[in-house]
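Note sheet for the following structure.
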Amino acid sequence: MILHPTVIANLLAAYIASFMLVYAAFYGTQILKYWNIASGEELQLILERKTYLISTLLSYVFGLQLLSLFLFIFTADSLRTLFVGAMCAAGTLNVNGFGYPTLVLKIVNFIFAGLWLVLNHADNQGYDYPLIKKKYLLLVIIAPFIVVETLLESAYFLGMEADVITSCCGSLFSSEKKSGLGSEIASLPAIPMLWTFYVAMLITLSSGVYFYCKAKLGYLYALLSLLMFAIALFAIVSVISIYIYELPTHHCPFCIIMEEYSYIGYLLYVLLFGAVVTGCGVGILLPFGNVESLKNLLDDFVHKLALSSMLMYSAFTLLVTYKIIFSNLIM
Amino acid sequence: MKTQLKLGLLVLLLFSVMTVSYAEDVTIKKSDPCPVCGMFVYKYPKWVARIGFQDGSNYFYDGAKDMFKHIFDTAKYTPNKTKEQIKSIEVTDYYEVELIDAKSAFYVLGSDVLGPMGHELLPFKDKEAAQEFLEDHHGKSIIGFQDVTPAMIESLDKRE
């Protein structure tokens, strides 16, 4: 194990989140089983009181979960100097077999946590706990993922050995080597990938505008925003990165978060993750448009979500386009 | 006479401007990445290698290994350039920590000293220094610039 302040912060955040979630999931199952708003029984009163505590607590835990993805990337990036061969977070994550699985789970949990916060916000708008069972069902689904993430993250940080020679991102995301997911994405043809990105973005944003104006096809926008998130990540590795680095062979999705590139990666990823959570949030709230206590209120919130998602995707596209236009890359 | 003097001064001035603009800029900037791996070279001054091209452009590397990769496949890393356009190649002597001509340097392979990118070729100006290093750091062989092969460079990328 390497006793670095950021490692301790990561582990502490993971343990706190897991502990709180297991506690909340325990009450979550009770709510799922025994919740009956019409009842005046003691158990129902206890659950009603508990739900305020738990949803406040979970708002903070899931907020922490959102931050923890960026803290994890930041940590991997700042530990690069400790490992021979690591030039950025890509090398540090490759120090042992748990780095990348932790990252993947953190990305999945980021989206889950964001969606839970959206559902919780909607639930709090109604006076009669309209979405309480759905909210706690989602919590019970998420909790095991967060616990597994904590286990993997612990294995990753506690199993770090300083004397390993790791691979640098140049070889992990090489367009020549055909082994490994990173290299396979990197070897996707650059220009067709760029077209795919722009066409997909145009379709996604058009569907978003259509939903915003006509209040129709909301599910389509939610689906497209999720698809767009994956396409954008592929495009970063395959083509956007080479324009930012101005190097025809450098496809790393992590070097862009470094100081030398003005931390542009953080901005790109915040926009991308924000856009996918708000975009999918539209889809998760649409089935509840007819709930009595949420009528009118939910409509407004869903439209705000769609607008934020579109704005974030647009900002992402503008930023990427700016970097491509002013890049000195020679292909 | 006065006009001739003025003309002479003008020619001198033009000449000096041309000399300055044609002088090679070989200092590493903070924004210079290694064209092979993308690392910022200024962070590893002990390992710097440099290739200068005929058009005046310079590329810096965080070790001789990446420099050789660029030499063996120049067009891959710099699409508009060829191996034949290379004008000068320099590596940093491991003991003296100064740039030396790469073609006359001696390289130690298989030692226990690792560079920023793992296993490396350790460059030395003279053979005695290379021999001394080989003995001190369990090196396996000393080779010249011409003896380096792509397979040799590839074998250095192993992780053990």
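Owing to the predicted nature of the structure, the values given are computational and were not obtained by experimental measurement. Protein chains get the first letters and strands the later ones, always in sequence-line order, with residue 1 at the start of each. These numbers come from the heavy atoms of this one structure, side chains and all, not from hydrogens, waters or symmetry mates.
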*Looking at residues at least two apart in the chain, or sitting in another chain, which of them share a ring-ring contact (aromatic ring centres under 6.0 Å, His included) with A/Phe72?*
A/Tyr156, A/Phe157
Atom [atom1] of [X] with >12 non-hydrogen neighbours under 6.0 angstrom:
| X | atom1 | answer |
| --- | --- | --- |
| A/Phe145 | CZ | no |
| B/Gln54 | CD | yes |
| A/Phe74 | CZ | no |
| B/Glu98 | CD | yes |

Which distance, rounded to the nearest 0.5 Å, do you find between the [atom1] of [X] and the [atom2] of [Y]?
| X | Y | atom1 | atom2 | result |
| --- | --- | --- | --- | --- |
| B/Cys34 | A/Met87 | SG | CE | 8.5 Å |
| B/Lys43 | A/Arg80 | NZ | CZ | 4.0 Å |
| A/Ile165 | B/His119 | CD1 | NE2 | 3.5 Å |
| B/Met117 | A/Cys168 | CE | SG | 3.5 Å |

*Considering all heavy atoms of both residues, which atom of A/Glu260 and which atom of B/Lys30 are nearest to each other, and what is their separation?*
CG-O, 4.3 Å
Check: residues 132-144 of chain B side-chain donor-acceptor pairs under 3.5 Å, at least two apart:
unit_1: B/Glu135; atom_1: OE2; unit_2: B/Gln131; atom_2: NE2; d: 3.0
unit_1: B/His137; atom_1: ND1; unit_2: B/Asp112; atom_2: OD1; d: 3.1

*asked:* Need one label for A/Ile330: side chain, backbone, both or neither, based on atoms under 4.5 Å from any heavy atom in chain B.
replied: both
*Using non-hydrogen atoms only, which part of A/Tyr261 is less than 4.5 Å away from chain B: side chain, backbone, both, or neither?*
side chain
_A/Val84 side chain near B/Pro116 side chain, heavy-atom distance below 4.5 Å_ = no
*Using a cut-off of under 4.5 Å on heavy-atom pairs, state which of A/Cys169, A/Pro248, A/Cys88 scores highest against chain B.*
A/Pro248
